[in-house]
Visitor: 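For reference, the structure I am asking about is given below.
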Amino acid sequence: MRLLYLSLFLLFTMSLSAQESQDFQKGTVNDVADVRLYPNPAFGGVVHVVTQSNSDKRITIYDVFGKVVLKDKISGQTLDITRLAPGVYVLQVNEGQKTMTRKLVVK
């Protein structure tokens with residue numbers, strides 16, 4: 001059973017990392033510039049999501065099965081993750097028209 005979960009997680013993360021966010025017609029990259037996510041692994045109920053422009057961000061967090069477990073909009077840098085159980089998640093940050101994904105570990 002653990003092997004199945006691990007296989008699904010690896011497949012999910014590899015498919016996310018294999019997706020290109022580059023617009024080949026215009027030649028522009030569509031990633032959020034200079035993103036920092038800390039602490040990771042997260043021990044408390046707060047994670048800081050810092051970007052270069054620090055404008056409003058739409059945060060979506062997925063579990064290892066691809067199910068949305070948290071959606072939030074933050075205007076600062078602090079994201080409340082107290083509702084998340086310990087585990088491994090994929091965090092997606094949308095800032096304006098730009099998007100990026102990162103792995104988040106909650107302990």
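Along the sequence shown, the residues carry numbers beginning at 1. Here the structure is a predicted model, which is why all the values come from computation and not from measurement.
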Visitor: Output yes when a side-chain donor or acceptor of N40 lies under 3.5 Å from a complementary backbone atom of K103, and no otherwise.
Guide: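 Pair found, side chain donor or acceptor close to backbone of K103.
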Visitor: Under the rule for side chain to side chain contact (heavy atoms under 4.5 Å, CB included), what residues qualify as partners of N54, not counting sequence neighbours?
Guide: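 For N54, the residues satisfying side chain to side chain contact (heavy atoms under 4.5 Å, CB included) (neighbours in sequence not counted) are V50, T51, K57, Q77.
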Visitor: Any side-chain donor paired with an acceptor under 3.5 Å for E95 and S55?
Guide: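 A donor-acceptor contact under 3.5 Å links the two side chains.
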Visitor: Out of curiosity, R36 CZ to H48 NE2, how far, rounded to the nearest 0.5 Å?
Guide: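 Going from CZ on R36 over to NE2 on H48, the span is 11.5 Å.
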Visitor: State which residues pass ring pair (Phe, Tyr, Trp, His ring centres under 6.0 Å) with F43; sequence neighbours excluded, sorted by chain then number.
Guide: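 Once residues adjacent in sequence are excluded, F43 has no partner under the ring pair (Phe, Tyr, Trp, His ring centres under 6.0 Å) criterion.
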Visitor: Among the clusters formed by ILVMFWY side chains lying less than 4.5 Å apart, do I74 and L37 turn up in the same one?
Guide: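 Yes; tracing contacts between hydrophobic side chains, which count when under 4.5 Å, links both residues.
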Visitor: Looking at side-chain heavy atoms only, is the closest gap between K107 and P86 below 4.5 Å?
Guide: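 K107 vs P86: side chains apart.
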Visitor: Do L91 and L79 have side-chain heavy atoms sitting under 4.5 Å apart?
Guide: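 In short, these two side chains touch, coming nearer than 4.5 Å.
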Visitor: Tell me, do V69 and Y62 make a side-chain contact under 4.5 Å, heavy atoms counted?
Guide: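 Not in contact.
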Visitor: Would you please test L104 and V47 for side-chain contact (heavy atoms from CB on, under 4.5 Å) and show each step?
Guide: CA-CA 9 Å; L104 173 65; V47 172; 4.1 Å; yes
Visitor: Once you round to the nearest 0.5 Å, how far does CG of D63 lie from OH of Y89?
Guide: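 Separation between the atoms: 7.0 Å.
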Visitor: For K71, which residues count as a side chain to side chain contact (heavy atoms under 4.5 Å, CB included) partner, sequence neighbours excluded?
Guide: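 K71 satisfies side chain to side chain contact (heavy atoms under 4.5 Å, CB included) with T60, V68 only.
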Visitor: Would I81 and V106 count as a side-chain contact (heavy atoms from CB on, under 4.5 Å) here? Give the steps.
Guide: CA-CA 9 Å; I81 59 166; V106 177; 4.0 Å; yes
Visitor: Any side-chain heavy atom of L70 within less than 4.5 Å of one from R83?
Guide: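 They are in side-chain contact.
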Visitor: What do the steps show when you test Q92 against T99 for side-chain contact (heavy atoms from CB on, under 4.5 Å), and what is the final call?
Guide: CA-CA 7 Å; Q92 181 180 35; T99 303; 3.4 Å; yes
Visitor: Return yes if some donor-acceptor pair links the side-chain N/O of D56 with the main-chain N/O of K73 below 3.5 Å, else return no.
Guide: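 Side chain of D56 to backbone of K73: no pair is present.
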